[in-house]
Amino acid sequence: MSSLRQRYQFSVKPQEALLILITMFWGGTFLAVQYAVTLSDPFFFVGLRFATAALAVGLLSVKSLRGLTRLELKAGVSIGIAIALGYSLQTWGLQTIPSSKSAFITAMYVPLVPLLQWLCLGRMPGLMSWIGVALAFIGLVFLAGPDGNLLQMGQGEIITLIGAVAIAAEIILISAWAGKVDIKRVTVVQLATASLVSFMMMAPAGERVPPFSTGLLVVALGLGIFSAIIQVTMNWAQRSVSPTRATVIYTGEPVWAGIFGRMAGERLPAIALLGGACIVLGVLVSELKLKKKPASEQAVEQSEG
């Protein structure tokens with residue numbers, strides 16, 4: 001007796017490979033941000049960071065900016081607001097909670113993305129994507145929370161959680177407009193918006209411009225240029241990469257953050273290493289595609305049986 005056989009295929013698109021690459025470097029920015037908040041308040045730093053990023057992309061996109069459309073302006077401003085909230089609130093939270101707890105709470109955007117995608121875009125993620133997201137989320141629990149007491153919500157935790165919602169919204173918004181707008185023009189608008197919103201939030205937060213510091217300037221310029229590269233890559237890659245799959249790839253950030261942290265002297269416990277393995281497995285599972293045999297092959301098997 002023969003039965004219907006199914007096989008899985010594993011493939012990584014060039015766009016997905018680039019997202020994996022920037023996620024590696026993204027994980028290394030945690031140490032830089034932790035250093036920056038010792039020299040500056042969070043909103044000023046994030047504003048300076050994205051002002052640098054906007055200037056970098058703008059200088060390379062001067063000619064194309066002349067064709068800016070109303071749709072691109074709307075998309076850029078919406079994404080920029082989400083970026084400002086996500087990065088600023090995460091940076092703010094790092095002042096009062098450990099980086100491991102921050103990473104776990106921020107990772108809440110993993111299950112939030114498919115939910116927002118379903119509610120806002122009407123796109124139901126596939127089974128393998130759901131399994132991949134679940135594995136990645138479980139891994140993040142192990143990776144970022146080996147010391148327990150993760151769900152004790154204080155001011156820093158609540159601020160970081162709101163930032164996670166904003167990051168989920170950013171991914172959804174990028175996917176919603178992907179393929180409908182010019183990448184360079186939208187990136188300039190969203191980075192400039194993120195910078196402006198962050199600077200505007202300084203007053204309500206009671207922040208002041210910090211004294212000049214070479215260290216702060218170097219970190220802000222470096223992260224600003226890198227942020228520009230990240231946003232351009234995300235806008236381009238998510239034209240053909242689903243929000244859920246992109247999200248699972250982004251969950252590699254804490255893994256790389258842990259690796260860079262180890263290089264800086266930190267040591268991950270065994271349960272955290274197990275979490276990292278779960279995240280990698282989640283990425284792999286999300287890439288699996290169930291492929292059925294053609295009807296002609298099925299008919300041959302049935303006749304042979």
Return yes if some donor-acceptor pair links the side-chain N/O of Ser195 with the main-chain N/O of Gly47 below 3.5 Å, else return no.
yes
Working to the nearest 0.5 angstrom, can you tell me the gap between Leu127 CG and Ile131 CD1?
4.0 Å
What one should report as the nearest heavy-atom pair of Ser198 and Val46 is OG-CG1, 3.3 Å
Looking at side-chain heavy atoms only, is the closest gap between Phe25 and Ile22 below 4.5 Å?
no
I need the minimum non-hydrogen distance between Leu73 and Leu68, along with the two atoms involved.
N-CD1, 4.2 Å
In terms of hydrophobic clustering (I, L, V, M, F, W, Y; side-chain heavy atoms under 4.5 Å; direct or indirect links), are Met24 and Val33 co-clustered?
yes
To the nearest 0.5 Å, tell me how far Ile162 CD1 sits from Ser88 OG.
12.5 Å
Enter the distance from Ile172:CD1 to Ile167:CD1 here, rounded to the nearest 0.5 Å.
13.0 Å
Is there a continuous path of hydrophobic side-chain contacts, each under 4.5 Å between heavy atoms, that joins Met201 to Ile158?
yes
Is it possible for you to say whether Leu221 and Val188 belong to one hydrophobic cluster, with membership spreading through side-chain heavy-atom contacts below 4.5 Å?
no
Testing Thr38, Val218, Val219, Leu39 one by one against Ser213 for a side-chain contact (heavy atoms from CB on, under 4.5 Å), which residue passes?
Leu39
Nearest heavy-atom neighbours spanning Val181 and Ala75
CG1-CB, 4.5 Å
Between Val241 and Ile229, is there shared hydrophobic-cluster membership here, with clusters defined by ILVMFWY side-chain heavy atoms closer than 4.5 Å?
no
Minimal heavy-atom distance between Ile159 and Gly93, with the atoms involved, is CG2-N, 4.3 Å
Out of curiosity, does Leu71 fall in the hydrophobic cluster containing Leu173 (side-chain heavy atoms, cut-off under 4.5 Å, transitive links)?
yes
Quick check: does any side chain N or O of Glu72 sit under 3.5 Å from a backbone N or O of Asp182, one acting as donor and the other as acceptor?
yes
Give a yes or no on whether the backbone of Ala36 and the side-chain of Ser40 come within a donor-acceptor separation of less than 3.5 Å.
no
Donor-acceptor contact present, side-chain Glu170 to main-chain Gly86, <3.5 Å
no
If you round to the nearest 0.5 Å, how far is CZ of Phe43 from OG1 of Thr91?
9.0 Å
Quick one: pull up CG in Leu21 and CD1 in Ile249 and give me the separation to the nearest 0.5 Å.
11.5 Å
What class does the angle between the rings of Phe44 and Phe199 fall in, given that below 30° is parallel, 30 to 60° is tilted and above 60° is perpendicular?
tilted
If you compare all heavy atoms of Leu85 against all heavy atoms of Ala166, which two are closest, and at what distance to 0.1 Å?
CB-CB, 3.8 Å
Just how far is it from atom CD1 of Ile230 to atom OG1 of Thr187, taken to the nearest 0.5 Å?
12.0 Å
Between Trp236 and Leu18, is any pair of side-chain heavy atoms under 4.5 Å apart?
yes
Nearest heavy atoms of Val77 and Val189, plus distance in Å:
N-CG1, 3.7 Å
Heavy-atom check, side chain of Met202 versus side chain of Asp41, under 4.5 Å
no
Indicate yes or no: at least one non-hydrogen side-chain atom of Ile83 is less than 4.5 angstrom from one of Phe50.
yes
